[in-house]
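Read the structure below first, then the notes.
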Amino acid sequence: MKKGLFVVIEGPEGSGKTTQAELLCRYLAQKGYETLCVREPGGTEVGQRLREILKDKSLSLEAETELLLFAASRAQLIKSIIRPALQAGKAVVSDRFTLSTEVYQGFAQGISQEFIKQLNRFCLGDVEPDITFVLILNTNDALKKRLGVKSTDSSQEFLFPKTQPDRIERKSTDFHKKVYEGYKKLSKNRPKTVIIDGKGEIETVHRRIVNELEKILS
């Protein structure tokens with residue numbers, strides 16, 4: 001049985017993290033891992049219901065409320081899905097994890113980073129990622145990408161479709177710029193964290209991630 005592997009893909013809205021998480025799951029499956037792709041918030045019935053609240057553009061949520069709802073979804077996901085999968089030797093790829101909370105609710109909305117870290121430790125227990133990849137793409141490029149501006153290249157098939165923006169995506173450009181700056185600042189010199197240039201064709205970005213991942217798999 002292979003040792004469990006836990007990989008996280010992070011980044012601002014429109015950075016391409018969901019696409020890259022999907023591609024990485026396929027890659028690990030080809031490497032012989034039994035893979036599981038999860039997302040935050042979500043991944044469980046409880047998490048999905050919380051996701052609907054967090055994404056609902058008709059609701060106005062305080063930053064503290066966001067924080068606790070995300071934490072509740074994470075605790076459920078870890079205990080019921082991620083930890084058992086890792087114990088069974090599976091590879092788990094998560095679309096977002098604890099760094100998102102530090103950036104969105106901490107850096108961008110001013111909640112104490114120390115409190116966020118304590119809350120995350122409470123939710124995680126003994127579970128932590130083997131490696132976190134942070135896709136960095138400047139705010140203007142990311143927002144254009146999120147709105148579905150596609151290349152004619154067939155490799156762009158996983159780009160987000162043109163959809164109505166959710167509650168978080170509808171936040172101001174200034175907010176999204178703070179998120180971008182937060183990822184750049186909080187990712188630097190962070191253990192087991194690799195910053196990936198998110199600009200370029202999807203396959204190019206995927207190869208950057210794989211090249212870094214192979215360093216810990218070899």
Side-chain angles (χ1 to χ4, degrees), residues 2-43 70 74 77-78 81-82 85-86 90-108 116-117 120 123-124 127-139 141-143 145-146 155-160 168 176 179-218:
K2 285 181 177 288
K3 179 179 179 293
L5 177 69
F6 187 17
V7 182
V8 172
I9 307 289
E10 285 275 10
E13 305 296 327
S15 59
K17 59 182 179 45
T18 299
T19 296
Q20 293 302 327
E22 292 174 355
L23 291 175
L24 193 56
C25 272
R26 294 183 190 179
Y27 173 79
L28 288 169
Q30 292 169 356
K31 294 281 288 185
Y33 282 92
E34 185 175 351
T35 62
L36 180 65
C37 204
V38 299
R39 67 178 181 178
E40 283 206 346
F70 276 114
R74 179 170 298 139
L77 181 63
I78 289 170
I81 302 293
I82 294 177
L86 294 175
K90 298 179 182 180
V92 178
V93 179
S94 182
D95 177 354
R96 295 201 183 283
F97 204 55
T98 57
L99 182 55
S100 283
T101 309
E102 293 177 38
V103 171
Y104 280 80
Q105 284 75 51
F107 190 91
I116 289 173
K117 289 176 182 178
N120 279 331
C123 294
L124 266 60
V127 172
E128 67 174 56
D130 292 290
I131 191 166
T132 296
F133 295 109
V134 182
L135 300 179
I136 295 296
L137 190 64
N138 74 57
T139 308
D141 286 344
L143 292 179
K145 195 173 182 182
R146 182 61 187 94
S155 68
Q156 299 289 336
E157 61 179 323
F158 288 110
L159 274 183
F160 288 102
I168 294 174
H176 289 291
V179 167
Y180 170 69
E181 292 300 324
Y183 271 113
K184 287 203 302 181
K185 181 176 180 179
L186 298 181
S187 299
K188 288 181 180 178
N189 303 316
R190 188 184 183 95
K192 299 182 180 179
T193 300
V194 178
I195 296 174
I196 299 291
D197 180 3
K199 194 165 187 177
E201 299 295 337
I202 286 175
E203 188 56 40
T204 300
V205 177
H206 173 62
R207 180 48 50 187
R208 291 170 189 155
I209 292 172
V210 166
N211 288 343
E212 294 295 333
L213 181 60
E214 286 295 339
K215 294 177 183 178
I216 72 168
L217 293 181
S218 59

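Here the CD1 atom belonging to I196 is positioned 5.5 Å from the CD1 atom belonging to I209, to the nearest 0.5 angstrom. Note: T19 OG1 to D95 CG = 9.0 Å, rounded to the nearest 0.5 Å. The structure places NZ of K31 at 11.0 Å from CG of L5, a figure rounded to the nearest 0.5 Å. Going from atom OG1 of T132 over to atom CD1 of I195 covers 11.5 Å, rounded to the nearest 0.5 Å. Going from atom OG of S94 over to atom CG of L77 covers 6.5 Å, rounded to the nearest 0.5 Å. Note that CD of Q20 is 11.5 Å distant from SG of C25, once rounded to the nearest 0.5 Å.
Partners of K192 by salt bridge (Lys or Arg N to Asp or Glu O under 4.0 Å), not counting sequence neighbours, listed by chain and number: E128. Every side chain to side chain contact (heavy atoms under 4.5 Å, CB included) that D197 has, sequence neighbours left out, goes to K199, R208. Under the rule for a salt bridge (Lys or Arg N to Asp or Glu O under 4.0 Å), the partners of R190 that lie at least two apart in sequence or sit in another chain are E102. Listed by chain and number, the residues in a side-chain hydrogen bond (donor to acceptor under 3.5 Å, both in side chains) with K215 are E212 (sequence neighbours excluded). Remark: F6 engages F97 in a ring pair (Phe, Tyr, Trp, His ring centres under 6.0 Å) (not counting sequence neighbours). Under the rule for a salt bridge (Lys or Arg N to Asp or Glu O under 4.0 Å), the partners of R96 that lie at least two apart in sequence or sit in another chain are E10, E13.
Counting heavy atoms from C-beta on, the side chains of Y180 and I136 come closer than 4.5 Å. Counting heavy atoms from C-beta outward, L213 and L28 have side chains that approach closer than 4.5 Å. Contact of the V8 side chain with the I131 side chain is not registered, since no non-hydrogen atoms from C-beta on lie closer than 4.5 Å. Contact check for V38 versus I81: side-chain heavy atoms found under the 4.5 Å cut-off.
Using a distance-only test at 3.5 Å, with no hydrogens or angles considered, a donor-acceptor pair links the side chain of S15 to the main chain of P12. Of the possible polar contacts, one joining the T193 side chain to the P191 backbone as a donor-acceptor pair under 3.5 Å is found.
A pairwise comparison of heavy atoms in G14 and L137 identifies O-CD2, 3.6 Å as the closest pair. Of all heavy-atom pairs spanning Y183 and S100, the tightest one is OH-OG, 3.0 Å. Nearest heavy atom pair, residue L135 against residue G16, reads CD1-C, 3.7 Å. Counting all heavy atoms, side chain and backbone alike, G4 lies closest to D130 at O-OD2, 4.0 Å.
If you check the side chains of T98 and N120, you find no donor sitting under 3.5 Å from an acceptor.
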Using the rule given for side chain to side chain donor-acceptor pair (under 3.5 Å), can you reason through T35 versus R26, listing the C-alpha separation, both sets of side-chain angles and the distance that settles it, and then say yes or no? CA-CA 8 Å; T35 62; R26 294 183 190 179; over 6 Å; no
Stepwise side-chain contact (heavy atoms from CB on, under 4.5 Å) check, Y33 with L217: CA-CA 12 Å; Y33 282 92; L217 293 181; 3.7 Å; yes
Run the numbers on S187 and F133 for side-chain contact (heavy atoms from CB on, under 4.5 Å), then give the verdict. CA-CA 9 Å; S187 299; F133 295 109; over 6 Å; no
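When the options V210, T204, V205 are evaluated for a side-chain contact (heavy atoms from CB on, under 4.5 Å) with R207, the one that passes is V210.
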